[in-house]
Enquirer: 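Quick one: structure below, then a few questions.
We're numbering straight along the sequence, starting at 1.
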Amino acid sequence: MAEPAPRPSALSGPQKALRKLGLLRPIDLALHLPLRYEDQTRITPLAQAQAGQTLQIEGTVRSAEVRSAGRRQLQVLLDDGSGRCTLLFFHFSGAQQKALAPGARIRARGELRSGLFGPTLLHPQWQRAEGELPRTLTPVYPASAGLPQAYLRRAIVGALERADLSETVPAQAWADCPGLQPEPEQLAAAPQGSLRAALQWLHQPPPGVALDSLEQRTHPAWVRLKAEELLAQQLAQWQARRERLLRQAPALLARPEGLARALQAVLPFALTAAQGRVGAEIVADLARSTPMHRLLQGDVGSGKTVVAALAAAHAIDAGWQCALMAPTEILAEQHFGKLVGWLAPLLAPQGLCVAWLTGSQGKAERAAMLEAVQRGTAALVVGTHAVIGEQVRFARLGLALIDEQHRFGVAQRLALREKNADCEPHLLMMSATPIPRTLAMSHFADLDVSTLDELPPGRSPILTKLLSASRRDELLERLRAQLAQGRQAYWVCPLIEESEALDLRNAQATAGELEAALAGGTGPDGAPLQVGLLHARLPVAEKKAVMARFSAGQIGVLVSTTVIEVGVDVPNATLMVIEHAERFGLSQLHQLRGRVGRGAAASVCVLLYAPGEHGRLSETARQRLRALAETHDGFEIARRDLEIRGPGEFLGARQSGLPLLRFADLAQDAPLLEWARAWAPRLLAEQPQAAQAHIERWLGAKSDFHKA
């Protein structure tokens with residue numbers, strides 16, 4: 001019988017630190033791999049040592065004294081028989097001072113420097129010279145406060161003995177795995193033969209191993225672990241897909257001349273070929289009795305809302321309700337305005353309507369909407385996360401639409417899917433952040449992906465300019481000229497109020513400065529130029545009022561935080577200024593740029609950057625701004641963004657809840673990902689128990705994330 005887990009209150013400091021790091025099971029510790037290694041397997045005589053060399057010496061303490069030469073310090077003179085070296089400590093305890101008394105035999109490790117006292121080791125690691133030297137490199141692990149390396153090393157050695165490291169993948173799969181065929185010099189002790197051997201090698205590598213191959217994760221032992229991790233992820237995705245295909249969804253069969261055809265007839269524009277193709281893919285999914293699980297991705301302005309409206313019309317025409325959930329009230333309201341305009345006149349003769357649900361609604365309005373949703377007269381429900389509130393009861397929810405899906409957590413997406421008691425609604429998720437191929441293959445492997453790769457005709461090109469903050473006056477002149485022609489502009493700032501921690505221009509101060517700079521100016525109609533301010537802390541009613549005035553052309557310049565990042569559509573706005581552009585992520589910059597260029601007039605996006613203390617931008621900031629200036633292709637931007645940031649930040653990992661890859665790198669390990677994708681369905685079909693054990697080992701409870 002297994003020993004019961006200790007109560008949290010009974011845990012020691014290091015044990016609590018282990019729990020905080022998520023190191024709960026023996027396998028968790030076994031998979032907690034070193035950051036780097038130290039070579040404590042040999043002693044270097046001082047007579048052979050060189051300055052700048054990291055080494056370990058063994059000798060006898062000849063003297064140890066505390067001096068106060070400007071700063072209190074402990075100076076220890078160590079003699080190894082071939083030379084002498086000073087160990088210098090600025091932080092030390094009485095016990096340490098006592099242990100380093102003359103006559104003590106110790107080993108010290110650090111970087112040898114030339115100092116005032118001759119050869120010097122500054123704050124070296126040291127221990128008593130007892131026992132044999134280690135026979136393997138000493139691992140240095142990621143840790144936290146209260147978790148000493150010595151304790152962690154002992155815990156991991158014990159975990160390697162206790163953990164179930166039995167093989168879950170057949171030898172035939174490993175024979176196909178790229179990068180696991182050993183080089184001739186590695187044949188004698190190739191660690192890829194088993195998971196246990198690979199982990200043993202990585203935790204305690206022999207001193208002769210090439211450190212570059214360990215640090216760059218190209219060694220076969222690393223390849224083995226990355227392949228195992230990618231395989232676990234793919235198995236979880238395929239398992240989620242298989243489970244989904246066993247669930248029931250309503251088969252939504254619409255009339256050939258029904259609501260979708262009527263909607264298409266009243267639209268003031270023709271669909272693009274891409275919209276027609278994607279619409280057909282969605283209709284085919286909706287006709288099946290298994291739940292659709294599709295991602296609709298398209299660049300900024302590619303027309304995802306129209307495709308969503310046609311899907312909603314198809315579901316409504318089949319006699320079911322549709323819900324659309326957006327991450328912000330501004331975006332939800334943009335959708336609501338468009339969908340009401342398109343669908344409300346077509347629904348009214350059938351006694352149906354479009355409902356609106358947000359957290360800021362008045363009690364009476366909300367009650368009326370909830371009743372319409374429950375009765376089924378609200379054929380389409382648009383809103384924020386309020387759509388998944390406990391009080392919301394759908395009569396027959398057949399289709400759930402989620403916009404900017406990466407902005408919602410797993411629990412929120414699942415809650416919308418579970419609004420039907422007897423069957424599961426179809427799910428269409430939308431994203432204006434295109435997904436690079438390797439990311440789609442890994443984190444979105446359970447999704448069918450539809451791509452809008454064509455922009456509607458009539459969209460004006462956007463010129464992107466990089467401008468130093470020192471040229472702000474030139475920019476203000478350009479702004480005045482635009483406003484005088486009757487155009488409008490956005491001015492985006494990263495903060496709402498002034499911050500002592502970050503010297504960034506803030507939205508409130510910028511709005512005041514622009515009001516002063518534009519004072520006395522008039523638009524083409526002779527009316528004074530107006531500056532508006534929009535940010536997340538404004539009351540909802542005030543946000544709506546500001547956006548309504550901007551959309552109506554009454555406000556010339558809208559100073560805003562990133563609350564206008566997605567969904568805002570004002571065709572007359574032709575200038576986008578992004579203050580401190582170096583502080584924004586690449587996909588966020590691309591989204592903000594997409595707020596202009598939505599009409600026929602030429603548009604400009606100005607990336608206003610402030611060089612750092614040394615008069616230059618960081619390399620990462622330079623890469624981001626250069627990428628945005630060089631291309632308007634959202635897919636190319638997404639690819640570069642993934643390279644710069646990695647999948648964690650790209651996905652918004654905390655919000656998405658996706659268990660991210662710890663070891664594999666999607667850019668470098670694409671061949672391993674291809675291998676895992678090929679083998680995952682085979683293993684699930686041929687060896688389901690081993691496949692399940694593999695998922696449990698690597699993902700544990702996190703495998704549920706893949707089902708959302």
Enquirer: With a 4.5 Å heavy-atom cut-off, do L231 and T168 have their side chains touching?
Expert: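 Not touching, per the 4.5 Å side-chain cut-off.
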Enquirer: Could you name each residue pair satisfying side-chain hydrogen bond (donor to acceptor under 3.5 Å, both in side chains) that touches residues 49-58, not counting sequence neighbours?
Expert: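 Sorted pair list: E58-R107.
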Enquirer: With sequence neighbours excluded, tell me which residues meet side chain to side chain contact (heavy atoms under 4.5 Å, CB included) with A308.
Expert: L401, M430
Enquirer: Less than 4.5 Å apart, any side-chain heavy atom of P671 and any of E674?
Expert: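 Not in contact.
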Enquirer: Could you state the interatomic distance from CH2 (W238) to CZ (R241), rounded to the nearest 0.5 Å?
Expert: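 Here the interatomic distance stands at 5.5 Å.
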Enquirer: Residues two or more places apart in sequence or in another chain: which of them pass side chain to side chain contact (heavy atoms under 4.5 Å, CB included) with A627?
Expert: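 Partners of A627 by the side chain to side chain contact (heavy atoms under 4.5 Å, CB included) criterion, ordered by chain and then number, come out as L586, R640.
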Enquirer: Does any donor atom in the side chain of Q275 or E454 lie under 3.5 Å from an acceptor atom in the other side chain?
Expert: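 There is no such pair between these side chains.
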Enquirer: Please check: side-chain N/O of R244 versus main-chain N/O of T290, any donor-acceptor pairing under 3.5 Å?
Expert: no
Enquirer: Take Y151 and Q15 through the test side chain to side chain contact (heavy atoms under 4.5 Å, CB included) and record every step on the way to the result.
Expert: CA-CA 10 Å; Y151 182 95; Q15 288 172 326; 3.4 Å; yes
Enquirer: What is the distance from atom CD1 of I156 to atom CD of Q204, rounded to the nearest 0.5 Å?
Expert: 10.0 Å
Enquirer: Do the side chains of R677 and Q237 get nearer than 4.5 Å, heavy atoms only?
Expert: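 When only atoms from C-beta onward are counted, R677 and Q237 do not touch, as no gap falls below 4.5 Å.
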Enquirer: For F663, is there any backbone N or O sitting under 3.5 Å from a side-chain donor or acceptor partner on E229?
Expert: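 Yes, because the side chain of E229 sits within donor-acceptor range (under 3.5 Å) of the backbone of F663.
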Enquirer: Do T451 and Q297 get their side chains close enough for a donor-acceptor pair, meaning under 3.5 Å?
Expert: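 A donor-acceptor contact under 3.5 Å links the two side chains.
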Enquirer: Quick one, H219 and W201 - any side-chain contact, counting heavy atoms below 4.5 Å?
Expert: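 Yes, at least one pair of side-chain atoms sits under 4.5 Å.
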Enquirer: Taking the side chain as C-beta and beyond, is there a heavy-atom pair between K304 and S302 under 4.5 Å?
Expert: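 Yes - at least one pair of side-chain heavy atoms lies under 4.5 Å apart.
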Enquirer: Please list, chain by chain and in numerical order, all residues satisfying salt bridge (charged side-chain N to carboxylate O under 4.0 Å, His left out) with R113, sequence neighbours excluded.
Expert: none
Enquirer: With salt bridge (charged side-chain N to carboxylate O under 4.0 Å, His left out) as the rule and sequence neighbours excluded, what pairs involving residues 210-223 come up?
Expert: none
Enquirer: Taking C-beta and beyond as the side chain, do H694 and E167 meet within less than 4.5 Å on heavy atoms?
Expert: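 A side-chain contact under 4.5 Å is absent here.
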Enquirer: Roughly how far apart are I43 CD1 and L55 CG, rounded to 0.5 Å?
Expert: 9.5 Å
Enquirer: Taking salt bridge (charged side-chain N to carboxylate O under 4.0 Å, His left out) as the definition, give me every residue that meets it alongside D453, ordered by chain and number, with sequence neighbours left out.
Expert: R277
Enquirer: Under a 3.5 Å distance rule, please check whether H580 uses its side chain to pair with a backbone N or O of E582 as donor and acceptor.
Expert: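 Checked: no pair found.
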Enquirer: Under the side chain to side chain donor-acceptor pair (under 3.5 Å) criterion, do S450 and E281 qualify, and how do the steps go?
Expert: CA-CA 8 Å; S450 291; E281 292 170 353; 2.5 Å; yes
Enquirer: Pairs of donor and acceptor atoms involving the side chains of residues 121-138, under 3.5 Å and at least two apart or interchain, shall be tabulated with distances.
Expert:
from	atom 1	to	atom 2	distance (Å)
H123	NE2	F90	N	2.9
H123	NE2	H91	N	3.4
Q125	NE2	E38	OE2	2.7

Enquirer: Cut-off 3.5 Å, no hydrogens considered: what does the side-chain donor-acceptor table look like for residues 22-35, sequence neighbours left out?
Expert:
from	atom 1	to	atom 2	distance (Å)
R25	NE	D28	OD1	3.2
R25	NE	D28	OD2	3.3
R25	NH1	E696	O	3.1
R25	NH2	D28	OD1	3.0
R25	NH2	R697	O	3.2
D28	OD2	L24	N	3.3
D28	OD2	R25	N	2.8
H32	NE2	P142	O	2.7

Enquirer: As a test of understanding, state which of D448, L427, L428 forms a side chain to side chain contact (heavy atoms under 4.5 Å, CB included) with M292.
Expert: L428
Enquirer: For R622, check salt bridge (charged side-chain N to carboxylate O under 4.0 Å, His left out) against everything at least two apart and list the hits.
Expert: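 If we apply the salt bridge (charged side-chain N to carboxylate O under 4.0 Å, His left out) test to R622, skipping adjacent residues, the hits are E619.
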Enquirer: Under the 3.5 angstrom rule, does the side chain of R682 hit a backbone N or O of Q687 as a donor-acceptor pair?
Expert: no
Enquirer: With a 4.5 Å limit on heavy-atom distance, are the side chains of W222 and S213 in contact?
Expert: no
Enquirer: Mind checking ring pair (Phe, Tyr, Trp, His ring centres under 6.0 Å) for Y141 and listing every partner two or more places apart, or none if nothing turns up?
Expert: H203
Enquirer: So, the side chain of Y37 versus the backbone of L202: is there a donor-acceptor pair under 3.5 Å, distance only?
Expert: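 Yes: the side chain of Y37 pairs with the backbone of L202.
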Enquirer: What residues form a side chain to side chain contact (heavy atoms under 4.5 Å, CB included) with A227, not counting sequence neighbours?
Expert: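 Applying side chain to side chain contact (heavy atoms under 4.5 Å, CB included) to A227 gives W174, C177, L672, W675.
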Enquirer: Counting C-beta onward and ignoring hydrogens, is there a side-chain heavy-atom pair between D285 and P291 closer than 4.5 Å?
Expert: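 Contact flag for D285/P291 side chains = no.
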Enquirer: Excluding sequence neighbours, so at least two apart, what forms side-chain hydrogen bond (donor to acceptor under 3.5 Å, both in side chains) with K226?
Expert: D669
